[in-house]
Amino acid sequence: MSTPNVEKHEFQAEIKQLLDIVIHSLYTEKEIFVRELISNASDALEKLRHLKLTEKEIFDKDLELEIKISTDDTANTITIQDFGIGMTKEELVKSLGTIAHSGSKQFLEALKEGGSKNDNLIGQFGVGFYSAFMAADEVKVYSRSWKEGEPGHVWTSTGAGSYEVEEVEGQRRGTKIVLSLKEDAKTFASDSTIKEIIKRYSSFVQFPINLNGEKVNTIDALWLRGKSDIKDEEYTEFYKFQANAWDEPRYRLHFSADAPLAIKALLFVPQENPERAGFGRIDPAVALYCRKVLIDSKPTELLPEWMRFAKGVVDSEDLPLNISRETMQDRSLIQKLGRVITKRFLKFLSEEAKKRPDAYQEFFDKFGFFLKEGVAIDMTYKDELSKLLYFESSAQEKGKKTSLADYVSRMKDEQKEIYYITGQNRESIESGPYLEGFKARGLEVLFLYEPVDEYVMSNLREYEEKTLVSADQGDLKLDDAPQPPSEGSLSEDESKALCTWLKETIGERVKEVKVSERLVNSPAMALTPDAMSSQMRRMMQQMGQGSGMPTEVLFEINPRHALMINLNTQRESNPDLAKLIALQAFDNSMVAAGLLEDPKDMVSRMYEILSQASETK
Ligand code: ADP
Ligand code: MG
């Protein structure tokens with residue numbers, strides 16, 4: 001029955017899947033489709049506004065930049081029209097038939113992770129254009145591109161697997177979407193329902209919205225208004241609109257400055273960190289405006305990269321409207337603006353950390369990674385950022401975190417360094433050999449669990465002139481501590497002789513064997529000579545390049561430990577077994593240090609020791 005100039009297309013598989021969920025979802029807030037379609041209309045108008053600055057040839061150039069909505073409660077339709085950039089036939093097919101939209105991609109990823117159909121997910125991500133099918137059983141998209149000479153087309157679909165595209169006459173520039181509403185969605189054909197939805201969701205659209213011939217929005221640049229006359233709900237709605245978000249913002253910072261630049265800024269931090277949820281690197285999302293006119297919605301040079309988790313807007317009347325990233329002068333102006341905002345944001349975070357420590361901890365757990373990234377790679381804000389870092393420590397109970405400033409305030413008078421240990425978790429650090437020497441001396445040690453932490457510490461190097469020192473570093477000097485007296489402890493000469501024997505027995509794999517000043521309860525430990533080499537090594541391991549990089553290892557022994565005392569006699573009475581034990585003790589310490597790469601020898605040797613031990617009655 002199809003007419004000759006109608007082209008039928010199948011939706012991409014992912015879109016079919018998405019549509020199936022959208023259409024059959026019981027998601028109650030169907031009205032979000034209004035917001036999604038208005039937001040697309042607004043994007044299309046924004047793009048046209050930009051084109052007008054550079055392009056001379058624009059079809060229907062003098063059309064008003066506005067959004068027109070009409071409802072018809074007899075025909076049960078709602079029509080949303082914009083005079084924006086429109087779409088060519090190819091663009092219609094690509095944009096509405098394939099998965100171009102990042103929100104819908106995220107939605108599908110989340111679905112894969114979550115498994116079954118989950119209505120809630122629609123609410124969390126928004127599914128863009130396809131949300132139209134929640135309310136409509138047929139959607140027609142009439143569109144005509146801004147490009148001169150491109151004909152208009154109509155795209156039609158019921159959302160069931162395929163869509164049709166046909167050329168149409170008499171189309172104006174932009175896009176007109178006609179929804180034939182489902183039985184249970186008739187309310188969206190009512191003027192008052194739509195008016196109410198627009199008031200709630202779309203009051204920040206920067207273009208006039210006409211509903212059945214009446215202008216319904218006041219164009220409001222919320223960030224230019226005074227703080228005292230903005231309600232919390234308005235801020236939240238603005239955040240949702242601007243960041244295309246569905247959650248409540250975790251933090252909000254609204255401020256203005258006059259010097260060195262005139263700035264009005266409104267920043268938000270969301271609830272969740274999408275990078276942590278595995279959605280890949282996020283784009284910058286603090287939009288740049290000049291006197292209410294959008295200059296760039298994702299400016300890459302405004303804020304430092306580690307601030308990419310922030311959402312919001314920055315408006316400065318000191319920017320030229322035709323600002324260009326190509327000219328040096330404009331670039332440095334943008335960067336100057338960025339520095340003022342970043343400083344203010346960091347100040348805000350440090351105030352929050354003090355005023356509401358629990359909320360800050362929650363923020364830090366989710367977003368701390370970005371701050372750490374900043375400490376590691378951004379010299380400009382290193383000092384301010386370091387004050388915002390929190391770690392668990394030996395002086396705090398599990399789950400509680402401390403700042404470097406608090407650590408310093410607890411330092412003993414004679415203590416000159418800040419100590420830290422890296423490990424998988426608290427348990428593995430506490431059961432390892434490295435902590436005991438610090439414990440015996442009453443020195444606090446920070447516990448670092450994340451791979452990035454060590455990198456952060458070695459880039460930071462010091463805090464308030466106190467050097468940051470890794471506890472498994474060989475060149476570390478600790479003051480003498482009273483060692484627990486022990487029966488039969490090896491004398492200095494005996495210890496020396498044992499060390500020489502151990503060096504000979506272990507051979508090339510160890511650089512030096514010596515008596516430890518740090519061990520209390522463990523028999524021995526392996527150390528790398530300095531912080532640099534252990535950190536380099538762990539980084540290579542994380543990048544999957546573990547082998548092939550020989551590390552110099554120091555082996556320290558505890559002359560008060562029974563194992564060493566016995567070993568010293570056995571090396572004469574039972575040299576074969578003593579040799580096995582020495583090698584095994586060394587490998588054990590290498591495992592504890594995360595330095596053992598090939599456990600093959602260790603396992604077979606262990607069996608050898610076990611069979612010898614099982615022979616003795
Ligand atoms: P998003 O808006 O996040 O890109 P959508 O699913 O809402 O995702 O829209 C998909 C794409 O369809 C848009 O990126 C845009 O290219 C195109 N599109 C949708 N609505 C319009 C419109 N009114 N005018 C022009 N293009 C549009
Ligand atoms: Mg959209």
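Both ligands and their constituent atoms are indexed starting at 1 by order of listing. Remember, it's a predicted structure, so these values are computed and weren't measured experimentally.
- Each of Y235, Y239, W223 was compared with H254 under the ring-ring contact (aromatic ring centres under 6.0 Å, His included) criterion, and only Y235 meets it.
- Across the listed options G128, G86, S95, G84, S95 owns the non-hydrogen atom lying nearest to atom 17 (C) of ligand 1.
- Neither the backbone nor the side chain of I177 has any atom closer than 4.0 Å to an atom of ligand 1 (non-hydrogen atoms only).
- Atoms of ligand 1 lying under 4.0 Å from any heavy atom of D82, numbered from 1 in the order shown and given with element: 22 (C), 23 (N).
- At least one N/O-N/O distance between T175 and ligand 1 falls below 3.5 Å.
- Residue F129 has at least one N or O atom closer than 3.5 Å to an N or O atom of ligand 1.
- Between K186 and D73 there is no salt bridge, since no side-chain N of the basic residue sits under 4.0 Å from a carboxylate O of the acidic one.
- At a threshold of 4.0 Å, the pair R308-E373 counts as salt-bridged, since one of the basic side-chain nitrogens sits closer than that to a carboxylate oxygen.
- The distance from the Mg ion (ligand 2) to the nearest N/O/S atom of S39 is not under 2.8 Å.
- A donor-acceptor pair shorter than 3.5 Å can be found between the side chains of T156 and K140.
- By the 3.5 Å distance cut-off applied to N or O atoms, Y130 is not counted among the residues near ligand 1.
- With a heavy-atom cut-off of 4.0 Å, L96 touches ligand 1 through its side chain alone.
- Looking at V216 and I194, their side chains never come closer than 4.5 Å, going by heavy atoms from C-beta outward.
- Heavy-atom minimum distance, Q171 versus Y142: NE2-CB, 3.6 Å.
- Just one of R173, R144, R172 meets the salt bridge (Lys or Arg N to Asp or Glu O under 4.0 Å) condition when paired with D60; it is R172.
- Residue contacts with ligand 1 for E36 are absent, since no atom lies close enough (heavy atoms, distance under 4.0 Å).
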